[in-house]
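A short write-up of the structure that comes next.
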Amino acid sequence: RLASDRADAEAFAALQKQKEALSKPFTFRSREDTIDLNHLARSILAERPRLANEPLIRAVDEVSRTLRLHQTDACKLVERALELGVGVQEVPRKCAAIYYRECHFQALCIHDMAQGLAQSPPAKQSVAFCGLLGGKRFIASLFEALGVLLRDLTGERAMDQVFLAHAGIMIQ
C-alpha cells in the first residue's frame, strides 16, 4: 500500500509539471496566415539561425501549414526533429509524429485521471488533478477539444491520413 501511495504521489508530481499543457488539452497556437515565406525567412534568420536555409524554412512552413500550428511552434518542432538526427526530407513527418505523440500523451494522462474520478469513492489524486487544472474550466476545455476533434474528422482534415491515424489512436 505504501509503495502504491508513493507511486501515485510521484505520478501526480509528474503530471503537475504538465499543468499548462493539460489544462487546455490539444489547444495550440494557430498558424499565423499573415506571415508569408519571406517574412518567415527573415524571422528565422533573426531568431533561429540554425534553421536559416531554404529547405528548413520550407519545412517550417509545411509543418505549420499541415499541423495548423503557429510558425514559432513549428520552428521548435523542426529543431526537435533535427536534434533527433532526422534529415531535412524527413523533418515534416518526424514533426507530425512528435506533435501527435504529445497529443496522445495528453489524452492518456486525462484518461487515467478520469478513470480515477469514476471510482467510488473518487481517487484523491484524480480529484486534486482536476482541481489543479481548473475544475469546471478544465472540463469545458476538454469538451471544446473534443468538439474540435469531431469537426476535424468531418471537415477539411477528413482526407489527411496522418491525422486520421492519430485521431484513431486517440479515440481508442
Side-chain angles (χ1 to χ4, degrees), residues 4 7-32 51 59-119 122-172:
S4 175
D8 286 347
E10 289 173 5
F12 184 73
L15 288 174
Q16 284 179 307
K17 293 176 185 174
Q18 302 293 326
K19 176 186 175 184
E20 187 176 332
L22 292 170
S23 65
K24 291 190 175 187
F26 322 117
T27 304
F28 304 96
R29 291 188 301 168
S30 298
R31 175 179 168 82
E32 182 61 55
L51 303 178
V60 167
D61 188 56
E62 181 180 342
V63 168
S64 172
R65 200 172 0 87
T66 303
L67 298 177
R68 300 184 311 187
L69 292 175
H70 193 276
Q71 288 84 339
T72 302
D73 298 328
C75 285
K76 291 175 188 175
L77 279 175
V78 168
E79 289 172 335
R80 285 175 62 190
L82 292 172
E83 289 169 4
L84 294 171
V86 173
V88 175
Q89 297 276 358
E90 294 297 314
V91 163
R93 190 173 328 169
K94 188 59 155 180
C95 288
I98 293 168
Y99 171 79
Y100 289 136
R101 189 176 13 213
E102 177 66 22
C103 291
H104 192 204
F105 171 76
Q106 288 182 7
L108 291 173
C109 291
I110 292 166
H111 178 266
D112 287 350
M113 289 299 111
Q115 293 284 10
L117 287 174
Q119 295 174 2
K124 292 177 191 173
Q125 292 86 352
S126 294
V127 173
F129 176 78
C130 188
L132 175 77
L133 298 182
K136 289 180 182 178
R137 286 188 314 272
F138 164 66
I139 300 299
S141 294
L142 184 57
F143 278 107
E144 183 178 322
L146 290 172
V148 169
L149 176 63
L150 290 173
R151 281 192 300 278
D152 283 349
L153 286 171
T154 59
E156 66 186 49
R157 297 185 83 182
M159 301 310 285
D160 180 344
Q161 295 303 311
V162 175
F163 169 74
L164 291 176
H166 154 71
I169 291 169
M170 297 259 304
I171 291 168
Q172 288 177 347

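Keep in mind the model is a prediction, meaning the values are calculated, not measured.
Taking the side chain as every heavy atom from C-beta outward, Leu67 and Tyr100 approach each other to under 4.5 Å. In this structure the side chain of Leu51 reaches within 4.5 angstrom of the side chain of Cys75, judged on heavy atoms. Two residues are said to be in side-chain contact when any heavy atoms from C-beta on lie closer than 4.5 Å; Arg29 and Thr72 meet this criterion. A 4.5 Å side-chain heavy-atom check between Cys95 and Leu69 finds every atom pair outside the cut-off.
Distance CG/Leu133 to CG/Leu142: 10.0 Å, rounded to 0.5 Å. Here the CD atom belonging to Gln71 is positioned 13.0 Å from the NZ atom belonging to Lys76, to the nearest 0.5 angstrom. The distance from atom NE2 of His104 to atom SG of Cys109, rounded to the nearest 0.5 Å, is 10.5 Å.
Atom CD of Glu144 sits in a sparse spot, with 12 or fewer heavy atoms from other residues, nucleotides or ligands closer than 6.0 Å. The number of heavy-atom neighbours closer than 6.0 Å to CZ of Arg68, taken from other residues, nucleotides and ligands shown, is above 12. The local environment of CZ in Arg93 is sparse, with at most 12 non-hydrogen atoms from other residues, nucleotides or ligands closer than 6.0 Å.
Across all their heavy atoms, His70 and Ser64 have their closest contact at C-OG, 4.2 Å. Across Ala59 and Val91, no two heavy atoms sit closer than the pair CB-CG1, 4.0 Å. Heavy-atom minimum distance, Ser126 versus Met113: OG-O, 3.0 Å. Between Val60 and Ala74, the shortest heavy-atom contact is O-CB, 3.6 Å.
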Worksheet entry | Full working for salt bridge (charged side-chain N to carboxylate O under 4.0 Å, His left out) between Arg31 and Asp61 | CA-CA 9 Å; Arg31 175 179 168 82; Asp61 188 56; 3.0 Å; yes
Worksheet item: After noting the C-alpha distance and the side-chain angles of Val63 and Asp73, does the key distance pass the side chain to side chain contact (heavy atoms under 4.5 Å, CB included) rule?
Response: CA-CA 9 Å; Val63 168; Asp73 298 328; over 6 Å; no
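Listed by first then second residue, pairs satisfying side-chain hydrogen bond (donor to acceptor under 3.5 Å, both in side chains) with a partner in residues 105-115 read His111-Gln115, not counting sequence neighbours.
Panel note: side chain Ser141, backbone Arg137; a donor-acceptor pair is recorded below 3.5 Å.
Taking Phe138 as the reference, nothing meets the ring pair (Phe, Tyr, Trp, His ring centres under 6.0 Å) condition, with sequence neighbours excluded.
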